[in-house]
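Letters A, B, ... mirror the listed sequences (proteins, then strands); counts begin at 1. Small disclaimer: the values here were computed from a predicted structure and weren't measured.
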There are 2 protein chains.
Amino acid sequence: MPPPKNPINSSPAGEKPRLSRDLVLTTALALVDAEGLDALTMRRLGQELGRDPMSLYRYAANRAALLDGVTELVLKELSISPGLPDWQAQLRQMAHGLRLLALRHPNVVPLLVTRPLSTPLGLRPLGTLRPLEQILALLIDAGFSPSDALHVYRAYYGFLYGHILNELQEFVVDPEENEALLRLGLHRLPAKEFPRLRALGPVLADYDGAAELDQGITILLNGLAVPLVHEEAAPKH
Amino acid sequence: MPPPKNPINSSPAGEKPRLSRDLVLTTALALVDAEGLDALTMRRLGQELGRDPMSLYRYAANRAALLDGVTELVLKELSISPGLPDWQAQLRQMAHGLRLLALRHPNVVPLLVTRPLSTPLGLRPLGTLRPLEQILALLIDAGFSPSDALHVYRAYYGFLYGHILNELQEFVVDPEENEALLRLGLHRLPAKEFPRLRALGPVLADYDGAAELDQGITILLNGLAVPLVHEEAAPKH
DNA sequence: CGCGTAAAGTCTACATCGTAGACAAGCTTC
DNA sequence: GAAGCTTGTCTACGATGTAGACTTTACGCG
């Protein structure tokens with residue numbers, strides 16, 4: 001199908017509300033959600049707002065900055081979860097929160113995992129760093145030393161991002177064609193080289209992301225029950 | 001500095017070897033390693049090979065396919081590790097192998113984690129699926145049921161990708177300016193909002209990726225020692 | 001050897017992109 | 001009303017991916 005040129009939101013191109021960074025980012029996010037990252041061009045976004053593309057540069061220095069703004073906007077959706085009994089339950093809940101966020105904005109996930117690669121930690125937008133601070137506080141309050149808290153955070157968030165990437169990879173839009181496509185794909189694999197993978201066809205077909213995530217978190221928490229070892233150097237083998 | 005236009009490899013633009021998919025992908029990878037993803041344009045790659053940009057389309061359908069080719073090429077570098085005592089040591093070693101691969105080609109990592117999002121599992125290039133099959137075999141041989149093996153694989157690889165993303169984020173090229181930049185960045189953070197993060201400055205400054213990864217794997221393996229629970233549905237809370 | 005066919009490489013052309021720079025319109029504050 | 005800043009617009013340029021027609025090269029078969 002040809003790329004749909006109709007405006008995403010309801011403005012019938014007649015009204016012209018005053019622009020603002022927030023409005024720009026919001027419609028940018030809507031556009032990405034609806035049509036993917038490639039659809040977010042300066043020109044298209046301008047047209048979506050009924051404005052000259054150049055006007056956008058008053059609110060974002062360039063396209064990259066605009067992308068950063070969108071990721072920050074998405075991360076702001078992360079609701080903090082106050083007052084759960086223990087830190088473990090809290091970690092679990094935050095994990096599910098991030099997962100749902102990713103499912104709500106799958107097209108933004110590449111940005112989420114990729115944009116920070118270009119910006120050193122200290123210089124990232126504050127919204128991006130807030131979850132980190134929260135989890136550190138949570139862990140330290142739970143009794144971890146600050147440095148251990150950092151390590152735990154890394155394991156936790158690392159796993160979390162990894163899970164999200166995994167889940168989105170296996171996600172196929174239409175569940176009807178899902179199985180067909182999957183089987184077709186698996187069938188394509190040479191039987192001698194990929195016996196186990198092919199045998200897993202049925203299991204792969206019904207993927208339960210929430211359960212999978214939960215199981216992973218359980219593994220992680222169980223592992224954390226064993227006290228962390230502190231070593232002077234990385235083990236030789 | 002202006003973008004360096006000198007050819008990356010040693011060909012002095014006089015010789016014109018016959019093109020091949022392998023040659024194209026190899027120089028593409030070299031270009032990405034040397035100058036980043038953005039430098040990999042059809043025109044630039046053509047110039048690198050001393051050929052018309054259009055000739056590339058004989059070996060890759062379009063730019064996206066070229067990127068896929070590069071990721072597959074990188075994954076082929078993953079050396080399989082035969083004959084280690086137990087499966088745990090093997091997982092650990094493969095993890096370090098992937099980590100080193102990522103450090104060798106940091107600019108390709110975004111592709112590694114991002115490209116599969118656009119391609120359903122069954123239709124991915126074979127090279128991409130080979131590690132999956134290998135780990136499944138490893139786990140099943142170690143006594144896991146096929147379906148448990150899949151879950152463990154997901155937790156393992158998820159964590160692994162997450163760690164790599166984490167590590168590359170905190171990686172700064174010049175270790176001299178590292179500390180400066182880091183402190184500068186941290187100093188920029190509002191003290192009331194980010195007390196723990198700011199306090200971690202020194203710990204953040206000396207990051208040991210290998211040790212961090214090792215610790216994470218240990219946590220994961222410890223967690224796996226506790227038998228996996230099988231639930232009918234995801235827990236309510 | 002020669003010739004015909006397929007493969008490999010090239011040329012031209014076009015739509016689309018990000019964005020620099022000069023300018024105009026509109027709002028705020030005396 | 002005038003001055004000055006903010007916001008939006010216009011025009012223009014270089015770079016990008018790639019379609020389509022063309023030319024060149026390589027190679028098999030008589």
Side-chain angles (χ1 to χ4, degrees), chain A residues 1-8 11 13-28 31-32 35-71 107 110-111 114-115 118, chain B residues 1-8 11 13-28 31-32 35-71 107 110-111 114-115 118:
Chain A
M1 56 176 172
K5 285 292 183 179
N6 328 40
I8 287 297
S11 68
E15 65 205 73
K16 291 204 166 191
R18 181 72 162 283
L19 282 190
S20 72
R21 178 168 167 89
D22 212 69
L23 178 59
V24 168
L25 291 183
T26 303
T27 46
L31 186 53
V32 171
E35 305 188 24
L37 277 179
D38 291 344
L40 180 55
T41 71
M42 303 306 261
R43 292 173 147 92
R44 178 71 197 280
L45 182 54
Q47 154 182 341
E48 213 67 39
L49 289 160
R51 285 287 145 69
D52 188 285
M54 277 298 132
S55 60
L56 303 175
Y57 287 88
R58 302 277 176 199
Y59 305 96
N62 48 40
R63 183 164 187 269
L66 199 127
L67 294 178
D68 284 334
V70 171
T71 72
N107 295 333
L111 294 184
T114 277
R115 294 302 313 170
S118 337
Chain B
M1 55 176 171
K5 285 290 181 179
N6 329 41
I8 287 297
S11 68
E15 66 206 72
K16 292 204 166 193
R18 181 73 162 282
L19 283 190
S20 71
R21 177 168 167 90
D22 211 70
L23 177 59
V24 167
L25 291 182
T26 304
T27 47
L31 186 53
V32 171
E35 304 187 25
L37 277 179
D38 290 344
L40 180 55
T41 71
M42 304 305 260
R43 293 173 147 91
R44 179 71 196 282
L45 183 54
Q47 154 182 343
E48 212 69 39
L49 290 160
R51 284 287 144 68
D52 188 284
M54 277 298 131
S55 60
L56 302 175
Y57 287 87
R58 303 274 174 200
Y59 304 97
N62 48 39
R63 184 163 186 268
L66 199 121
L67 294 178
D68 283 335
V70 171
T71 71
N107 295 332
L111 294 185
T114 277
R115 292 304 310 172
S118 338

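Atom CE of residue A:M42 and atom CE of residue A:M54 lie 7.0 Å apart, to the nearest 0.5 angstrom. Separation of atoms CG (A:L56) and CG (A:N62) is listed at 12.0 Å; rounding is to 0.5 Å.
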Q | Verdict with reasoning, A:L67 to A:V32, per side-chain contact (heavy atoms from CB on, under 4.5 Å) | A | CA-CA 10 Å; A:L67 294 178; A:V32 171; 5.9 Å; no

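No donor-acceptor pair closer than 3.5 Å links the side chain of B:R44 to the backbone N or O of B:D38.
Residue B:S55 is in base contact, counting any heavy-atom pair closer than 4.0 Å across all strands shown.
Going from atom CD of B:Q47 over to atom P of D:dT16 covers 10 Å, rounded to whole Å. For B:D52 and C:dT12, the CG to C1' distance is 10 Å, given to the nearest whole Å. The distance from atom CG of A:L66 to atom P of C:dG18 is 10 Å, rounded to the nearest whole Å. Between B:R51 atom CZ and C:dA7 atom C1' the separation is 14 Å, expressed in whole Å. Between B:L23 atom CG and C:dG9 atom C1' there is a gap of 14 Å when expressed in whole angstrom units. Nucleotide D:dT9 holds its C1' atom 15 Å from the CG atom of A:L49, rounded to whole Å.
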Q: Could you encode protein contacts along nucleotides 18-27 of chain D as a string, one character per nucleotide from 5' to 3', using B for base contact, S for sugar-phosphate-only contact and - for no contact, with a heavy-atom cut-off of under 4.0 Å?
A: BBB-------

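Screening B:V24, B:L66, B:L23, B:D22 for a side chain to side chain contact (heavy atoms under 4.5 Å, CB included) involving B:Y59 leaves a single residue, B:V24.
Across C:dG9, D:dT9, C:dC11, the shortest atom-to-atom separation from the side chain of B:L19 is found for C:dG9.
Across all their heavy atoms, A:R115 and A:D68 have their closest contact at NE-OD1, 2.9 Å.
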